[in-house]
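Each remark here refers to the structure printed beneath this line.
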Amino acid sequence: MKKSFVLFVFCALTLSASASLELPKFFSSRMVLQREATIPFFGKAAPGATVKVSFAGQNHETKADSEGRWEVRLQPLAPTKEGRDLTIVADGETLVLNDILVGDVWVCAGQSNMEFSFGWNPLERERFAAEADTLPQIRTIRIVRGTAPFPDSDLAYLPNFLAEKKGWHPTTQKEECFDMVTCAGWFFARRIVKETDLAIGLINTSWSASSIEPFIPPEAFSTEPELAGLAQKVQACLPNTEEGRAALETYVRQMEQWRQETAAALKEGRTPEQKNPPRFDQLNTLYLGDRYNRMVYPLTRFPVKGVIWYQGCANSRLGEAYLPLYRALVNGWRKAWGIDLPFYAVQLASFWNNWRRVDSVEGGDGFTLIREAQRKGLSVPNTGLAVTIDIGEPFEIHPREKYHVGERLALWALRNQYGKDVVVSGPLYRSLSVDGSEARISFDYAETGLMVGVKKVTDNNDPEEAPAGTPLKGFAIAGADRKWHVADARIDGTQVVVSSPEVPEPVAVRYAFHGAPECNLYNRAGLPASPFRTDDWPCPLANQ
């Protein structure tokens with residue numbers, strides 16, 4: 001797929017049709033440019049016009065080609081705290097973009113819990129809305145929903161930014177689009193700004209109820225053997241592949257047969273046996289890569305710092321089969337941007353799937369298996385996971401406690417991108433060992449110790465250590481007979497010791513392995529343990 005076509009993708013422009021000097025709407029006043037990166041800056045002017053671009057002491061000059069296209073490249077810029085103007089002049093026409101900051105730009109992607117905005121009434125909305133007015137260096141732009149069959153098609157791409165606010169804007173209450181600001185993204189940016197004093201730009205390219213497949217680059221399906229069936233479907237949609245040409249030839253034959261049979265039926269005054277014409281699948285009818293084509297691919301020319309990803313509810317029935325899709329997404333986006341993008345995801349919060357409580361000791365219901373896949377996604381280098389099992393609401397798929405979602409995402413970035421000495425995760429299962437009738441669980445991110453914690457979902461307060469004697473909850477244990485029993489669990493230094501009088505010879509342990517579990521294991525940094533299991537046995541309740 002040819003990057004040369006990308007110049008066309010932002011072809012709905014900010015000026016009136018009578019003006020010849022035009023910019024994509026992505027380039028606007030109050031935008032944030034990625035620091036320390038070469039930035040392409042382009043637009044249209046009269047064919048052959050001399051175009052001059054000035055910003056931050058840089059002066060660039062070029063000529064528009066025969067179709068009026070032009071491009072310059074801004075050389076790497078240091079971060080700024082004060083906004084500056086960017087000026088473009090072309091044969092007597094002048095455009096000025098005001099109040100441009102240089103800092104770090106993060107892509108915020110996923111489904112409804114990433115789209116969850118201040119207008120959705122997060123906890124303590126008024127408090128944080130007032131604070132937002134003191135943080136004008138957090139700025140955002142929103143890519144509104146759209147699909148496309150090809151990323152390099154000649155179809156005119158209208159840049160689906162909010163009609164109410166075209167372009168970038170600070171995330172302050174005085175902005176008419178404040179209620180559309182992603183809460184998870186804003187809390188993420190808030191923590192980074194407070195720690196680094198950098199300007200942070202948020203590109204919100206989320207879609208409520210979306211599965212992961214439409215956000216995966218079409219070519220990335222072929223990089224995972226488990227996705228071979230989907231990769232085959234993608235190939236059949238592309239006209240420049242052998243499979244695509246064969247599919248198109250088959251479609252043409254079927255259409256001709258349908259046309260002839262339909263014409264004959266009408267001539268004879270009867271109803272055609274096949275009323276509807278044959279269907280030719282494209283990516284946007286199969287929901288494979290089509291949202292990437294329209295909502296992500298056009299952004300890949302622009303340098304960004306990294307990605308935060310909040311998605312999974314729509315794929316919950318896939319369970320651990322989500323993992324190769326996630327790998328394809330991460331590695332596909334990295335290839336498209338040409339850099340090893342940091343990729344930080346949110347593990348699904350507590351929720352009874354289908355709004356129905358499931359009472360079982362073994363668990364495996366609801367979101368359990370996809371949480372397992374998300375935890376295993378940490379095997380992909382340069383990724384992180386914000387565990388949110390303690391801040392979900394059992395019968396609300398959109399928990400209002402978004403403060404700790406952003407905070408926990410920010411911890412990964414603060415350590416990995418900003419050099420801060422912070423603990424990035426709660427306990428993550430490492431290994432199981434058996435000593436007689438006891439099973440010992442070892443964890444990563446438990447070096448400073450473990451604790452029984454208390455966290456309310458009705459406020460944004462940090463987890464606290466529970467009163468002495470409060471039992472650990474959420475553990476189950478089984479022997480070789482695979483019969484599960486509620487387990488006794490206690491903290492022993494950096495390990496948890498699990499046992500049950502019903503299981504004299506344990507072989508497997510599960511923790512928080514329910515849709516909405518009661519669980520309370522934390523490390524001393526106040527971060528929750530991720531749900532886990534040590535076995536790979538079938539889960540009959542997986543889709544409940």
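F55 is not listed as a side-chain neighbour of T87, based on a closest heavy-atom distance of 4.5 Å or more. Annotation: side chain of P170 is not in contact with side chain of I138 (no heavy-atom distance under 4.5 Å). Put simply, the side chain of R191 does not reach to within 4.5 Å of the side chain of V193, judged on heavy atoms.
With ring centers used as reference points, F26 lies under 6.0 Å from F302. In this structure, W309 has its ring center under 6.0 Å from that of F215. Aromatic rings of F42 and W70 (six-membered ring for Trp) have centroids beyond the 6.0 Å cut-off, not under it. Taking the six-membered ring for Trp and the full ring otherwise, the centers of Y403 and F128 sit less than 6.0 Å from each other.
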Between R253 and T250, is a side-chain hydrogen bond (donor to acceptor under 3.5 Å, both in side chains) present by the stated rule, with each step listed? CA-CA 5 Å; R253 288 196 301 271; T250 298; 3.3 Å; yes

For N113 and K402: C-alpha separation, side-chain torsions, deciding distance, then whether side chain to side chain contact (heavy atoms under 4.5 Å, CB included) applies. CA-CA 9 Å; N113 272 298; K402 289 294 186 284; 2.9 Å; yes

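For CD of Q232, the number of neighbouring non-hydrogen atoms (other residues, nucleotides, ligands) closer than 6.0 Å is 12 at most.
Checked options R139, M31, E82, R84; the residue passing with D99 is R139 (criterion: side-chain contact (heavy atoms from CB on, under 4.5 Å)).
By the 4.0 Å N-to-carboxylate-O rule, R145 lies close enough to E115 to be salt-bridged with it.
A donor-acceptor contact shorter than 3.5 Å links the side chain of N315 to the backbone of I212.
Atom CG of D91 sits about 7.5 Å away from atom NZ of K63, to the nearest 0.5 Å.
Looking at Q311 and S210, their side chains never bring a donor and an acceptor atom within 3.5 Å of each other.
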